[in-house]
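Since the structure is predicted, the reported quantities are computational estimates derived from the model, not experimental observations.
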Amino acid sequence: MSDINLFAAPLQGYTDAVWRHCHASIYGGVDSYFIPFAQIEKGTIRPKDIKDIFSPLNANHKAIPQIIFRDVNEFTSLCDFLTGKGIDEIDLNMGCPFVPQLRKGRGAATLVNASLLETISDLISSRYASLRFSIKMRPGVTDIDDWKKVMPIISAISLSHLTVHPRSARDQYGGLPALGTFADIASQSRHNMVFNGDVTTPADIDRLLSRFHALSGIMVGRGLLARPSLFCEWRENSEWCEKRRIEALHELHARIFDHYHKTMCGEVQVLNKMRPFWDYLVPEIGHRAVKTIKKATTLKRYIEAVDSSFLNKSSSSSRLK
């Protein structure tokens with residue numbers, strides 16, 4: 001299984017350069033971290049996207065930028081800017097399910113824009129022939145079979161891999177991933193296939209590899225935020241005990257908090273940056289602890305709540321041994 005790639009998915013507001021750097025330092029096990037999408041805003045690339053893509057914190061891991069676009073002009077503007085800065089690999093976001101992006105024709109909405117995809121395919125084979133591209137997609141917007149109409153176009157594009165999250169954009173993250181749909185797409189794709197969606201334990205990875213023998217990779221987003229040791233555990237072929245997971249999570253939080261505490265001005269800014277860290281950690285830390293931490297209105301109360309939560313979890317883990 002050593003030839004399976006393990007990818008960290010891009011999640012806006014969560015997997016920024018600070019999180020990626022600290023995760024790579026503590027855990028490792030990730031072949032590539034995909035940077036949350038860059039987009040055009042008011043005619044230019046958002047400054048925060050540029051900062052994330054070219055952050056010096058990316059030095060300890062392979063970070064691949066992702067772009068989201070609604071037309072050819074946005075696509076070429078983003079690609080030209082990135083290639084001009086030395087970027088040689090780009091992931092195309094054709095899966096974002098959020099309504100504000102869909103309304104603008106971006107993300108999963110590109111699946112119902114065959115003419116745009118045909119033009120992009122031509123550009124990739126000509127103007128951007130020296131670049132490596134990959135695609136992260138959903139099967140459809142409201143109809144999970146939207147992909148069938150554009151699969152010949154997607155298959156013709158030169159890609160390093162095709163990542164599929166088998167839910168429609170309408171479903172967002174509700175219900176179960178449509179494994180049958182993923183299998184159908186894989187059967188019609190000539191690309192290396194990567195599965196994304198609802199992977200939360202090392203056993204989930206094993207089950208996917210057993211079902212889809214031709215998989216070249218697994219991409220995880222929410223599952224890695226909830227269990228940052230996930231890929232490391234799978235590579236070690238051994239699930240970590242709760243005590244080890246909590247200790248590593250404590251260190252991850254400490255490093256991220258230290259960075260923001262040193263680089264941001266004001267308690268409110270630091271607290272606003274740290275609150276998303278806890279969004280997916282209820283299964284690991286507990287609902288009450290997470291609620292208390294996120295309700296903290298001062299750094300003093302925040303630190304007290306965090307320290308208390310980790311102390312309680314460590315004590316509980318020790319008693320269970």
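Classification of D80 and R127 as a salt-bridged pair holds, one side-chain N sitting under 4.0 Å from a carboxylate O. A salt bridge links R227 with E239: at least one charged nitrogen is closer than 4.0 Å to a carboxylate oxygen. R20 has a carboxylate O that lies under 4.0 Å from a charged side-chain N of D52, or vice versa, which qualifies the two as a salt bridge. Taking a cutoff of 4.0 Å between a charged side-chain nitrogen and a carboxylate oxygen, D258 and R255 do not qualify as a salt bridge.
With respect to S77, the side-chain contact (heavy atoms from CB on, under 4.5 Å) criterion is satisfied by exactly one of I67, I45, I40: I40.
To the nearest 0.5 Å, atoms CD (Q269) and CD (E267) are separated by 9.5 Å. S134 contributes atom OG, which lies 11.0 Å from atom CG of N192 (distance to the nearest 0.5 angstrom). Annotation: the span from I135 atom CD1 to L159 atom CG amounts to 4.5 Å, rounded to 0.5 Å. Expressed to the nearest 0.5 Å, how far CG of L208 lies from CG of L179 amounts to 7.0 Å. Note that CD of Q12 and CD1 of I35 are 11.0 Å apart. Values are rounded to the nearest 0.5 Å. To the nearest 0.5 Å, atom CD of residue E41 and atom CD of residue E74 are 10.5 Å apart.
With R170 contributing its side chain and G140 its backbone, the two residues share no donor-acceptor pair below 3.5 Å. S121 places no side-chain N or O within donor-acceptor distance of the main-chain N or O of L117, the cut-off being under 3.5 Å. Although no hydrogens or angles enter the test, the distance criterion places no donor-acceptor pair under 3.5 Å between the side chain of S308 and the main chain of E304. A distance-only check finds a donor-acceptor pair linking the side chain of R275 to the backbone of K294 [under 3.5 Å]. Side-chain atoms of D146 come within 3.5 Å of backbone N or O of V141 as a donor-acceptor pair.
Residues V18 and K273 form no side-chain contact, since every pair of their non-hydrogen atoms from C-beta on lies 4.5 Å or further apart. Residues F69 and I120 have side chains in contact (heavy-atom distance under 4.5 Å, counting atoms from C-beta outward). Considering only heavy atoms from C-beta on, T201 comes within 4.5 Å of R207 through its side chain. Two residues are said to be in side-chain contact when any heavy atoms from C-beta on lie closer than 4.5 Å; P228 and L249 meet this criterion. At a threshold of 4.5 Å between non-hydrogen side-chain atoms, the residues T292 and S309 do not count as touching. A 4.5 Å side-chain heavy-atom check between I87 and F81 finds every atom pair outside the cut-off. For the pair S160 and E89, the minimum side-chain heavy-atom distance is below 4.5 Å. In this structure, H61 and V30 have side chains that are not in contact, with every pair of non-hydrogen atoms separated by 4.5 Å or more.
For the pair L11 and P36, the tightest heavy-atom approach, listed with the atom from each and the gap, is O-CG, 3.6 Å. The two residues D49 and A38 come nearest to each other via the heavy atoms OD2-CA, 3.4 Å. The two residues P166 and I144 make their nearest non-hydrogen contact at O-CD1, 4.2 Å. The two residues I285 and V290 make their nearest non-hydrogen contact at CB-CG2, 4.2 Å. Shortest non-hydrogen contact noted between L102 and A109 is CD2-N, 3.6 Å. F182 approaches V194 most closely through the heavy-atom pair CE1-O, 3.6 Å.
The hydrophobic cluster containing V306 also contains Y14, counting ILVMFWY residues as joined when their side-chain heavy atoms lie under 4.5 angstrom apart, directly or transitively. Linking Ile, Leu, Val, Met, Phe, Trp and Tyr whenever their side-chain heavy atoms come within less than 4.5 Å leaves L57 and I64 in two separate clusters. Both F133 and I185 are members of a single hydrophobic cluster when ILVMFWY side chains are connected at heavy-atom separations under 4.5 Å. The cluster map of Ile, Leu, Val, Met, Phe, Trp and Tyr, joined by side-chain heavy atoms under 4.5 Å apart, puts M274 and V268 in different clusters. A continuous path of hydrophobic side-chain contacts links V72 to I124 [ILVMFWY only; heavy atoms under 4.5 Å].
R138 forms a cation-pi arrangement with Y173, by the criterion of a distance under 6.0 Å to the ring centre and an angle within 45° of the ring axis.
Taking the six-membered ring for Trp and the full ring otherwise, F257 and F277 have centroids separated by 6.0 Å or more.
In this structure, R46 places its CZ atom where more than 12 heavy-atom neighbours from other residues, nucleotides or ligands lie under 6.0 Å away.
Taking the six-membered ring where tryptophan is involved, the planes of H253 and W278 are tilted, since the angle between them lies from 30° to 60°. Classified by interplanar angle (parallel below 30°, tilted 30° to 60°, perpendicular above 60°), the ring pair W240/Y27 is parallel.
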Step-by-step side chain to side chain donor-acceptor pair (under 3.5 Å) determination, N113 to S115: CA-CA 6 Å; N113 192 343; S115 61; 3.1 Å; yes

Steps toward side-chain contact (heavy atoms from CB on, under 4.5 Å) verdict (L230, T200): CA-CA 7 Å; L230 174 59; T200 60; 5.9 Å; no

T110/L92 under side-chain contact (heavy atoms from CB on, under 4.5 Å): CA gap, chis, key distance, verdict: CA-CA 10 Å; T110 56; L92 308 182; over 6 Å; no

CA sep, side-chain torsions, deciding dist, call: T181, W147, side-chain contact (heavy atoms from CB on, under 4.5 Å): CA-CA 10 Å; T181 296; W147 64 274; 3.8 Å; yes

Pair N93-Q101, side-chain contact (heavy atoms from CB on, under 4.5 Å): steps then yes or no: CA-CA 11 Å; N93 184 319; Q101 294 293 349; over 6 Å; no

Working for side chain to side chain donor-acceptor pair (under 3.5 Å), residues D171 and S168: CA-CA 5 Å; D171 292 335; S168 70; 3.1 Å; yes

Can you give me every donor-acceptor pair (side chain of residues 149-158, partner residue at least two apart or in another chain, under 3.5 Å) with its distance?
from: S155; atom 1: OG; to: M151; atom 2: O; distance (Å): 3.3
from: S155; atom 1: OG; to: Q188; atom 2: O; distance (Å): 3.3

Let me check something: any side-chain donor-acceptor pairs from residues 214-226 under 3.5 Å, sequence neighbours excluded? List them with distances.
from: S216; atom 1: OG; to: M193; atom 2: O; distance (Å): 3.2
from: R222; atom 1: NH2; to: D198; atom 2: OD1; distance (Å): 2.8

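Listed by first and then second residue, the ring pair (Phe, Tyr, Trp, His ring centres under 6.0 Å) pairs that reach into residues 34-60 are F7-F34, F34-H161, sequence neighbours excluded.
Donor-acceptor pairing under 3.5 Å is recorded for the side chains of S25 and N60.
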